[in-house]
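Here's the structure, in structure tokens; my notes come after.
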Amino acid sequence: QVQPVESGGGLVQAGDSLRLSCAASGRTFSRYGMGWFRQAPGKEREFVATISWSGRSTYYADSVKDRFTISRDNAKNMVYLQMNSLKPEDTAVYYCAARTNPNRSSVTSDYAYWGQGTQVTVSS
């Protein structure tokens with residue numbers, strides 16, 4: 001199994017960029033597809049992006065496509081989320097998660113391991 005730990009959140013202004021990092025413990029990290037989700041106050045947790053175990057396949061929510069980029073470094077057990085052109089509606093707690101299902105998924109129930117989250121606040 002893996003245990004994700006997120007970092008890199010903070011307070012930024014609209015239009016700024018931010019990079020989130022996810023350190024995943026466990027020797028089998030490279031076997032897991034990884035994803036980023038977010039949850040704003042009063043809203044359900046929503047899918048942001050996912051990346052395959054190899055890093056060759058990525059998939060994004062329409063709301064972040066062309067602004068966010070997910071990547072991974074299996075040698076370092078790390079996953080990243082580069083967020084550009086941030087908007088106030090991107091404000092949320094961002095979670096990193098790992099799935100054993102090899103197929104691309106945007107469904108929270110397909111992800112077995114979750115981090116504690118990191119807060120991202122975008123001011124207008």
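FYI, side chains are in, hydrogens and waters are out, and symmetry mates aren't considered; it's all heavy atoms of this structure. Predicted, not measured: the structure shown is a model, and the values here were computed from it.
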Inset, instruction - Under the side chain to side chain contact (heavy atoms under 4.5 Å, CB included) rule, what do Q3 and Y113 come out as? Steps first, then yes or no, please. - result: CA-CA 6 Å; Q3 180 56 56; Y113 307 103; 5.7 Å; no
Legend entry - Under 3.5 Å: donor-acceptor pair, side chain of N77, backbone of A24: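 Yes; at least one donor-acceptor contact below 3.5 Å.
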Legend entry - Test item: T118 side-chain N/O and G9 main-chain N/O as donor-acceptor pair under 3.5 Å: yes
Legend entry - Spacing of S71 atom OG and Q82 atom CD [to the nearest 0.5 Å]: 8.5 Å
Would you say the side chain of [Y] lies within less than 4.5 Å of the side chain of [X], judging by non-hydrogen atoms?
{"X": "Q119", "Y": "T91", "answer": "yes"}
{"X": "E6", "Y": "L20", "answer": "no"}
{"X": "W36", "Y": "I51", "answer": "no"}
{"X": "L18", "Y": "L86", "answer": "yes"}

Legend entry - Hydrophobic cluster (4.5 angstrom, side-chain heavy atoms) - remaining members for L11: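 In the cluster with L11 there is nothing else; it is isolated.
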Inset, instruction - Among Ile, Leu, Val, Met, Phe, Trp and Tyr joined by side-chain contacts under 4.5 Å, find the other residues sharing a cluster with V107 and list them by chain and number. - result: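 Grouped by the 4.5 Å side-chain rule, V107 forms a cluster of one, so the answer is none.
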Could you list the residues that satisfy side-chain contact (heavy atoms from CB on, under 4.5 Å) with [X], not counting sequence neighbours?
{"X": "P88", "answer": "A14, V122, S124"}
{"X": "S106", "answer": "F47, Y59"}
{"X": "A49", "answer": "Y60, I70, L81"}
{"X": "A112", "answer": "none"}

Inset, instruction - Mind jotting down which residue pairs meet the side chain to side chain donor-acceptor pair (under 3.5 Å) criterion with at least one end in residues 40-55? Sequence neighbours excluded, please. - result: R38-E46, Q39-R45, T50-R99, T50-Y111, S52-S54
Legend entry - Summary of side chain to side chain donor-acceptor pair (under 3.5 Å) pairs that have at least one residue in residues 10-25, sequence neighbours excluded: S17-N84
Inset, instruction - Please list, chain by chain and in numerical order, all residues satisfying side-chain hydrogen bond (donor to acceptor under 3.5 Å, both in side chains) with S123, sequence neighbours excluded. - result: none
Inset, instruction - Could I get the full list of side-chain hydrogen bond (donor to acceptor under 3.5 Å, both in side chains) partners for D66, not counting sequence neighbours? - result: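 side-chain hydrogen bond (donor to acceptor under 3.5 Å, both in side chains) check on D66 returns nothing, list empty.
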Inset, instruction - Could you list all the ring pair (Phe, Tyr, Trp, His ring centres under 6.0 Å) pairs where at least one residue sits in residues 65-108, not counting sequence neighbours? - result: none
Legend entry - Pair K87 + D90, salt bridge at N-O below 4.0 Å: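 A salt bridge is absent here (no side-chain N lies under 4.0 Å from a carboxylate O).
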Legend entry - Summary of salt bridge (Lys or Arg N to Asp or Glu O under 4.0 Å) pairs that have at least one residue in residues 70-84, sequence neighbours excluded: none
Inset, instruction - Heavy atoms only: give me the nearest C96-M34 pair and the separation to one decimal. - result: SG-CE, 3.6 Å
Inset, instruction - Establish, from distance only, whether the side-chain atoms of S30 and N74 form a donor-acceptor pair under 3.5 Å. - result: no
Legend entry - Cluster check F37, M83: I/L/V/M/F/W/Y, side chain < 4.5 angstrom: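 No, because F37 and M83 fall into different hydrophobic clusters, even though each may have its own neighbours under 4.5 Å.
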